[in-house]
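Structure record follows, encoded as structure tokens.
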Amino acid sequence: MKDDEKLLLGVYDCMFKGIMLDPNNEDYLKDLISCITGISVSELENMKIENSEYIINNKNDKNMRSDIIVSIGNKYINIELNKEYYDGVFDKSNAYFYRLSDNLYKRGKSYLESGKIIQINFNDFYYFENNQEIYKFVYKEDTTNEILKESEIKYHVNLAYIHDTCYNKSVKSLSKFERYCLLLMAETKEFARTIAGDDKIMKKVSKRLEELSNDEEIMGLYDAEVEAEKIRRTQIDGAKIKAMAEGRAEGKAEGIAEGKIEGAKEKELEIAKNMLKMGLDKNIILEATKLSNNEIEELIN
């Protein structure tokens, strides 16, 4: 593979797992977890990779497969990769979280022994209003902001923001965490090697990216993921175009001149109305228009 040849992106499920679950990259996974959660690397020395189907109770749970689960004593970390946003993406992650929690309670001899769960979501899209690299969510009292001691903890890593703000910066200006994340989004062998530099841990990840990018089985899985993503985006774009066209036709029929609707929000609402008339699913409308769930519900009602 030449230096400028493309790599398969680590933000696709097959590549993400191929990197994170590789025993040679265990130090990379430990460092990432430490950077995100603040758990010391020394405490993570006893980390074990659990079966990713750990949350499955029976054959009816066959689709409940978490991306990665690691344990440190009676502490469990559930790691999820979310490539695209869609309505319900975090509900899916929550389902994994609570199913794992339920299993631990059932297996523990007491509630104190059942273990604590931390979830880390790697999101390759913008979702939260304030742009930052890592978000931490815990249960807080509404007025006093007191944190519930036994509160669940969920982290969200904003990969899209890290890519947009760090991809073209000099390596010297980047933090270790930013470099770790950029490796997952490296598009070429040259970029991955530049980001890794002389760092032994990152050099192993860079090498693994190259190996996976030349693995025929991984390439097949990767192409399938890319194709599924492309089909879904095409469906959404097509629905949006059709809704806009029907909106223009309806406007002309009523004698309303094009351009009457002013402002981006009004245009999005008009498109959403037409998509609802077409009988399209709410999830497609949410992604096509970027309106909030409440705004769509108001239109439906």
Side-chain angles (χ1 to χ4, degrees), residues 1 3 6-52 54 66-73 75-83 118-124 133-136 153 155-163 165-167 169 171-215 218 221-222:
M1 180 183 281
D3 285 356
K6 289 186 177 296
L7 293 174
L8 302 183
L9 298 175
V11 289
Y12 281 87
D13 189 65
C14 59
M15 290 289 288
F16 186 77
K17 290 179 181 177
I19 295 166
M20 299 296 185
L21 297 177
D22 183 354
N24 290 324
N25 290 331
E26 190 173 291
D27 288 339
Y28 171 71
L29 179 57
K30 289 177 180 176
D31 267 4
L32 260 179
I33 292 173
S34 180
C35 288
I36 296 165
T37 66
I39 298 172
S40 68
V41 174
S42 60
E43 184 179 349
L44 289 164
E45 284 302 314
N46 298 318
M47 183 185 82
K48 293 193 300 184
I49 303 291
E50 300 287 350
N51 190 328
S52 63
Y54 192 54
S66 182
D67 284 340
I68 299 168
I69 297 173
V70 301
S71 63
I72 315 153
K75 188 180 296 181
Y76 291 80
I77 301 177
N78 168 217
I79 302 173
E80 297 293 331
L81 171 69
N82 301 309
K83 178 68 180 71
I118 296 170
Q119 186 175 74
I120 299 174
N121 288 278
F122 286 87
N123 304 324
D124 192 28
E133 295 180 349
I134 302 172
Y135 300 83
K136 179 181 178 180
I153 301 175
Y155 295 91
H156 288 266
V157 178
N158 193 345
L159 290 176
Y161 175 69
I162 293 171
H163 175 278
T165 57
C166 300
Y167 202 87
K169 286 184 178 180
V171 176
K172 291 182 179 180
S173 68
L174 300 173
S175 68
K176 180 175 70 172
F177 174 68
E178 289 168 341
R179 290 169 67 190
Y180 275 13
C181 290
L182 286 175
L183 279 173
L184 296 173
M185 299 176 278
E187 297 177 356
T188 65
K189 177 180 176 181
E190 180 182 11
F191 182 82
R193 286 189 170 187
T194 300
I195 289 297
D198 295 328
D199 186 278
K200 293 180 180 180
I201 293 176
M202 285 187 259
K203 285 175 75 173
K204 286 192 291 185
V205 175
S206 177
K207 183 180 178 181
R208 183 60 175 158
L209 282 167
E210 294 176 26
E211 292 172 349
L212 291 171
S213 294
N214 286 316
D215 185 297
I218 292 295
L221 292 170
Y222 185 90

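These values consider heavy atoms only, across backbone and side chains, with no hydrogens, waters or symmetry-generated copies. Counting from 1, the numbers follow the sequence of the chain as shown.
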Taking all atoms of both residues into account, what is the closest heavy-atom pair of [X] and [Y], and its distance?
X: A192; Y: L183; result: O-CD2, 3.6 Å
X: Y155; Y: T37; result: OH-O, 3.5 Å
X: V157; Y: C181; result: CG1-SG, 4.2 Å
X: K83; Y: V11; result: CD-O, 3.0 Å
X: E133; Y: I162; result: CG-CG1, 3.8 Å
X: L9; Y: Y222; result: N-OH, 3.1 Å

Item checked: D31: which of K200, K176, K204 passes salt bridge (Lys or Arg N to Asp or Glu O under 4.0 Å) -> K176
Which value, rounded to the nearest 0.5 Å, describes the distance between [X] atom [atom1] and [Y] atom [atom2]?
X: M185; Y: L7; atom1: CE; atom2: CG; answer: 13.5 Å
X: I118; Y: I72; atom1: CD1; atom2: CD1; answer: 7.0 Å
X: I19; Y: C14; atom1: CD1; atom2: SG; answer: 9.5 Å
X: C35; Y: I134; atom1: SG; atom2: CD1; answer: 7.0 Å
X: L184; Y: L81; atom1: CG; atom2: CG; answer: 8.0 Å
X: K17; Y: L212; atom1: NZ; atom2: CG; answer: 13.5 Å

Item checked: NZ (K207) with more than 12 external heavy atoms under 6.0 Å -> no
Check: I39 and I77: side-chain contact (heavy atoms from CB on, under 4.5 Å), yes or no, with the steps?
Finding: CA-CA 11 Å; I39 298 172; I77 301 177; 4.0 Å; yes
Margin query: For L182 and M202: C-alpha separation, side-chain torsions, deciding distance, then whether side-chain contact (heavy atoms from CB on, under 4.5 Å) applies.
Written below: CA-CA 11 Å; L182 286 175; M202 285 187 259; over 6 Å; no
Sidechain-backbone polar pair: [X] side chain, [Y] backbone, donor-acceptor under 3.5 Å:
X: T188; Y: K6; value: no
X: N121; Y: N123; value: no
X: R193; Y: S206; value: no
X: S34; Y: K30; value: no
X: N25; Y: L21; value: no
X: Y28; Y: Y180; value: yes

Checklist line | Chi angles and distances behind the side-chain contact (heavy atoms from CB on, under 4.5 Å) call for F16, D124 | finding: CA-CA 12 Å; F16 186 77; D124 192 28; over 6 Å; no
Next item on the list: Would you mind telling me which of I69, L32, I33 makes a side-chain contact (heavy atoms from CB on, under 4.5 Å) with I79?
Entry: I33
Next item on the list: State, without any angle test, whether N82 and E80 hold a side-chain donor-acceptor pair at a distance under 3.5 Å.
Entry: no
Margin query: Can you confirm whether M15 sits close enough to L209 that some side-chain heavy atom of one is under 4.5 Å from a side-chain heavy atom of the other?
Written below: yes
Note to self: With heavy-atom distances below 4.5 Å as the criterion, would you say the side chains of D13 and L221 are in contact?
What the structure shows: no
Note to self: Check this for me, if you would: do K75 and E43 make a salt bridge, where the nitrogen-to-carboxylate-oxygen distance has to be below 4.0 angstrom?
What the structure shows: yes
Note to self: I'd like to check the side chain to side chain donor-acceptor pair (under 3.5 Å) partners of D27; sequence neighbours left out, ordered by chain and number.
What the structure shows: none
Margin query: Set out, in order, the CA-CA distance, both residues' side-chain angles and the distance that settles side-chain contact (heavy atoms from CB on, under 4.5 Å) for L8 and D215, then state yes or no.
Written below: CA-CA 10 Å; L8 302 183; D215 185 297; over 6 Å; no
